[in-house]
Colleague: 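Supplied in structure tokens, the structure appears directly below.
All values reported here derive from a predicted model rather than from experimental measurement. Side chains included, hydrogens not; waters and symmetry mates left out as well; all remaining heavy atoms used.
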Amino acid sequence: MASPITLLLVRHGQSEWNAQGLMQGQTAHVPLTGLGHAQAELAAAELAGLEPGVLISSDLLRAVQTAEHCARATGLPISTTAALREQGYGVLEGRPSRELWDVVDWTDPSWAAEGGESLAELHARVAAFLGQLCADPPADVVALVTHGDTIRAAQAVVAGLGADAMPAVTPHNGSVTRLEICD
């Protein structure tokens, strides 16, 4: 049995599309706002006090910009991976989120927008990534800079829950969520 690993999941700071109320998904080029940089700075300071041994980020710009703050605060280099990306919403990305309540079937974990990814696919992607961390731990404390739905998927995976039982509450921008895995 592997030793426990502490995960420190950092949700990226507010992005321009968060501020505009647009569905981001895996749209790669969306930067942080000024508030988002301030949130990332606060998260980075919190993270530094928790002493992670490695810093891994989603490869989407808003997460990488947040990870840059974390790297400065911790002195760690950043590695990026597509495994930590947000759920893909395909053709719905860039549309106002408020217009999507009647379009998205939020109750069906196998539903996906055209060109997108279902919650079940997101859950499986996150489970595979966390499984790799447990199989070959890079450190005892691992900082992951990622996205709201990805954090909810990680919470479900660690709790032994499926995609149909992911937590309903998305962590706030610039928050740090602590989880223990591999024990």
Colleague: How close do Leu76 and Gly53 get, counting heavy atoms only, and between which atoms?
Modeller: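 Smallest interatomic distance, heavy atoms only, reads CD2-O, 3.7 Å.
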
Colleague: Check step by step if side-chain contact (heavy atoms from CB on, under 4.5 Å) holds for Asp149 and Leu122.
Modeller: CA-CA 8 Å; Asp149 289 343; Leu122 168 67; 3.8 Å; yes

Colleague: Just how far is it from atom CH2 of Trp17 to atom NE2 of His29, taken to the nearest 0.5 Å?
Modeller: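 Taking CH2 in Trp17 and NE2 in His29, the distance rounds to 4.5 Å.
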
Colleague: Which heavy-atom pair separates Glu51 from Val141 by the least distance, and what is that distance?
Modeller: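 Shortest heavy-atom separation between Glu51 and Val141 comes out as O-CB, 4.0 Å.
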
Colleague: Can you tell me if Glu114 has over 12 outside heavy atoms packed within less than 6.0 Å of its CD?
Modeller: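 At most 12 heavy atoms, drawn from other residues, nucleotides or ligands, come within 6.0 Å of this atom.
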
Colleague: Determine, step by step, whether Leu130 and Val158 satisfy the side-chain contact (heavy atoms from CB on, under 4.5 Å) criterion, reporting the C-alpha distance in whole Å, the side-chain angles of both residues, the deciding distance to 0.1 Å, and the verdict.
Modeller: CA-CA 9 Å; Leu130 295 180; Val158 169; 4.2 Å; yes

Colleague: Going only through I, L, V, M, F, W and Y residues with side-chain contacts under 4.5 Å, is there a path from Leu7 to Val54?
Modeller: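 Yes, it is one cluster - the side chains of Leu7 and Val54 are joined through contacts under 4.5 Å.
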
Colleague: For the pair Arg11 (side chain) and Pro171 (backbone), establish whether a donor and an acceptor sit closer than 3.5 Å, ignoring hydrogens and angles.
Modeller: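 At least one qualifying donor-acceptor pair exists.
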
Colleague: Kindly work out whether a path of hydrophobic side-chain contacts (I/L/V/M/F/W/Y, heavy atoms less than 4.5 Å apart) joins Leu35 to Val30.
Modeller: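 Different clusters.
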
Colleague: Considering only heavy atoms from C-beta outward, does the side chain of Leu50 approach that of Val176 to under 4.5 Å?
Modeller: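 With C-beta onward as the side chain, the pair touches.
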
Colleague: Are Leu9 and Val126 linked, directly or through other ILVMFWY residues, by side chains that come within less than 4.5 angstrom of each other?
Modeller: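 Yes; Val126 is reachable from Leu9 via cluster members.
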
Colleague: Going from CD on Glu68 to CD on Glu41, what distance comes out if it is rounded to the nearest 0.5 angstrom?
Modeller: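 One finds 12.0 Å between CD of Glu68 and CD of Glu41.
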
Colleague: For the side chain of Glu93 and the backbone of Tyr89, is there at least one donor-acceptor N/O pair under 3.5 Å apart?
Modeller: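 Between the backbone of Tyr89 and the side chain of Glu93 there is a qualifying donor-acceptor contact (under 3.5 Å).
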
Colleague: Write down the atom of Ile181, the atom of Cys134, and the distance for their closest heavy-atom approach.
Modeller: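 Scanning both residues, the minimum pair turns out to be CD1-SG, 3.7 Å.
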
Colleague: Does the His123 side chain pair with the main chain of Leu161, one donor and one acceptor, at a distance under 3.5 Å?
Modeller: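 Between the backbone of Leu161 and the side chain of His123 there is a qualifying donor-acceptor contact (under 3.5 Å).
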
Colleague: As a test of understanding, state which of Gln24, His147, Gln65 forms a side-chain hydrogen bond (donor to acceptor under 3.5 Å, both in side chains) with Ser15.
Modeller: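 Result: among Gln24, His147, Gln65, Gln24 is the only option passing the side-chain hydrogen bond (donor to acceptor under 3.5 Å, both in side chains) with Ser15.
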
Colleague: So, does Asn173 use its side chain to make a donor-acceptor pair with the main chain of His12 at under 3.5 Å?
Modeller: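 Such a contact is found between Asn173 side chain and His12 backbone.
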
Colleague: Quick one, Ser58 and Val64 - any side-chain contact, counting heavy atoms below 4.5 Å?
Modeller: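 The answer is no; the side chains never approach within 4.5 Å.
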
Colleague: Are Asp140 and Ile5 packed together at the side-chain level, in the sense that at least one heavy-atom pair is separated by less than 4.5 angstrom?
Modeller: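 When only atoms from C-beta onward are counted, Ile5 and Asp140 do not touch, as no gap falls below 4.5 Å.
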
Colleague: What distance do Ile151 atom CD1 and Met166 atom CE have between them, rounded to the nearest 0.5 Å?
Modeller: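 The CE atom of Met166 is 10.5 Å from CD1 of Ile151, to the nearest 0.5 Å.
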
Colleague: Hey, are the side chains of Ser97 and Leu22 touching, using non-hydrogen atoms and a 4.5 Å cut-off?
Modeller: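 With C-beta onward as the side chain, the pair stays apart.
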
Colleague: Return the minimal non-hydrogen interatomic distance between Trp111 and Val103, and the atom names on each side.
Modeller: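 Heavy atoms only, the tightest pair is CZ2-O, 3.7 Å.
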
Colleague: Please tell me whether Glu16 and Thr33 have a donor and an acceptor in their side chains that are separated by less than 3.5 angstrom.
Modeller: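 Distance-only check fails for Glu16 and Thr33.
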
Colleague: Does any N or O in the side chain of Thr150 come within less than 3.5 Å of the main-chain N or O of Arg85, such that one atom is a donor and the other an acceptor?
Modeller: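 Answer holds: yes.
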
Colleague: Working to the nearest 0.5 Å, report the span between CZ of Arg62 and CG of Asn18.
Modeller: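 Arg62 CZ to Asn18 CG: 7.0 Å, rounded to 0.5 Å.
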
Colleague: With a 4.5 Å heavy-atom cut-off, do Leu179 and Gln155 have their side chains touching?
Modeller: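 The answer is yes; the side chains approach within 4.5 Å.
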
Colleague: Would you kindly confirm whether Leu119 and Trp101 end up in one hydrophobic cluster when ILVMFWY residues are joined by side chain heavy atoms under 4.5 Å apart?
Modeller: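 No, Leu119 and Trp101 fall in different hydrophobic clusters.
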
Colleague: Do the side chains of Val10 and Thr146 get nearer than 4.5 Å, heavy atoms only?
Modeller: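 A side-chain contact is absent here, since even the closest heavy-atom pair is not under 4.5 Å.
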
Colleague: Of the non-hydrogen atoms in Gly25 and Leu60, which two are nearest, and what is the gap between them?
Modeller: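 Heavy atoms only, the tightest pair is O-CD1, 3.8 Å.
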
Colleague: Could you tell me whether a side-chain N or O of Glu86 sits under 3.5 Å from a main-chain N or O of Gln26, the two making a donor and an acceptor?
Modeller: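 No; zero donor-acceptor contacts below 3.5 Å.
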
Colleague: Might you point out which heavy atoms bring Ala73 and Ala44 nearest each other, and give the distance in Å?
Modeller: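 That closest heavy-atom pairing would be CB-O, 3.5 Å.
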
Colleague: Taking atom CG of Leu42 and atom NE2 of His37, what is their separation to the nearest 0.5 Å?
Modeller: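 Rounded to the nearest 0.5 Å, the CG-NE2 separation comes to 13.5 Å.
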
Colleague: Are Arg125 and Glu117 close enough for a salt bridge, meaning some N to O gap below 4.0 Å?
Modeller: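 Salt bridge present between Arg125 and Glu117.
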
Colleague: Measure the NE2-CD distance between His69 and Gln39 for me, rounded to the nearest 0.5 Å.
Modeller: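 That separation rounds to 10.5 Å.
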
Colleague: How about Gln14 and Leu32: do any of their side-chain heavy atoms sit closer than 4.5 Å?
Modeller: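 In short, these two side chains do not touch, never coming nearer than 4.5 Å.
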
Colleague: Under a 4.5 Å cut-off applied to non-hydrogen side-chain atoms, are Ile56 and Leu84 in contact?
Modeller: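 Yes, at least one pair of side-chain atoms sits under 4.5 Å.
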
